[in-house]
Amino acid sequence: MNSRFKIAFVAAFASLALAGVSRAESIAMNTAPEIAQTLRAFNSDFNVRYVGNWDNDPEHETRGLSATGRTDNQLRAIRASISENKDLVRKLNQDDVKVDNIVDAEQAADGSVTFFVR
């Protein structure tokens, strides 16, 4: 009985440790330089979320430090990275998304990207 408890404890501890690693990678990959680098060659699934006034949108305020508060230069770099990726621009255009209307991008742990569009 005692060994079963130890095995269960070790398994629970290991899963918590791995969960922390995936979250940390998710946060780091959404900093402006990292997401810009990802978008230059991005060729996977994406989602589009439409927002009205992004600066006052509750989601903008609650998404975390790495994704909120991007400077104008960081946002320009993200848009430039998207523009460099002609396949991505074509796919965005098919969904009626103009690069200039993208106000943020966030990569999920599964590799997909969500574009926030005004």
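- Across every non-hydrogen atom of I102 and L75, the tightest pair is O-CD1, 3.8 Å.
- For the atom pair OG of S44 and CD of Q107, the computed distance is 8.5 Å after rounding to the nearest 0.5 Å.
- In this structure E84 satisfies the side chain to side chain contact (heavy atoms under 4.5 Å, CB included) test together with R40, sequence neighbours excluded.
- Nearest heavy atoms, A77 versus A36: O-CB, 4.2 Å.
- For the residue pair N93/K98, the side-chain donor-acceptor check at 3.5 Å is not satisfied.
- Taken to the nearest 0.5 Å, the CG atom of N101 stands 9.0 Å off from the OH atom of Y50.
- In this structure the side chain of N43 never reaches within 4.5 angstrom of the side chain of L88, judged on heavy atoms.
- If you run side-chain contact (heavy atoms from CB on, under 4.5 Å) between D72 and each of R76, R70, Q74, only R76 comes through.
- Across all non-hydrogen atoms, the minimal contact from N30 to A105 is OD1-O, 4.3 Å.
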* To do: Would you check, one step at a time, whether the test salt bridge (Lys or Arg N to Asp or Glu O under 4.0 Å) holds for D100 with R79?
  => CA-CA 7 Å; D100 289 340; R79 287 178 180 158; 5.3 Å; no

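- For the residue pair S112 and D110, a side-chain donor N or O sits within less than 3.5 Å of a side-chain acceptor on the partner.
- For F46, the ring-ring contact (aromatic ring centres under 6.0 Å, His included) partners at least two apart in sequence or on another chain are F115.
- Taken to the nearest 0.5 Å, the CZ atom of F116 stands 9.0 Å off from the CG atom of N47.
- Tested against I78 for a side-chain contact (heavy atoms from CB on, under 4.5 Å), the candidates N73, T38, I35 yield a single pass: I35.
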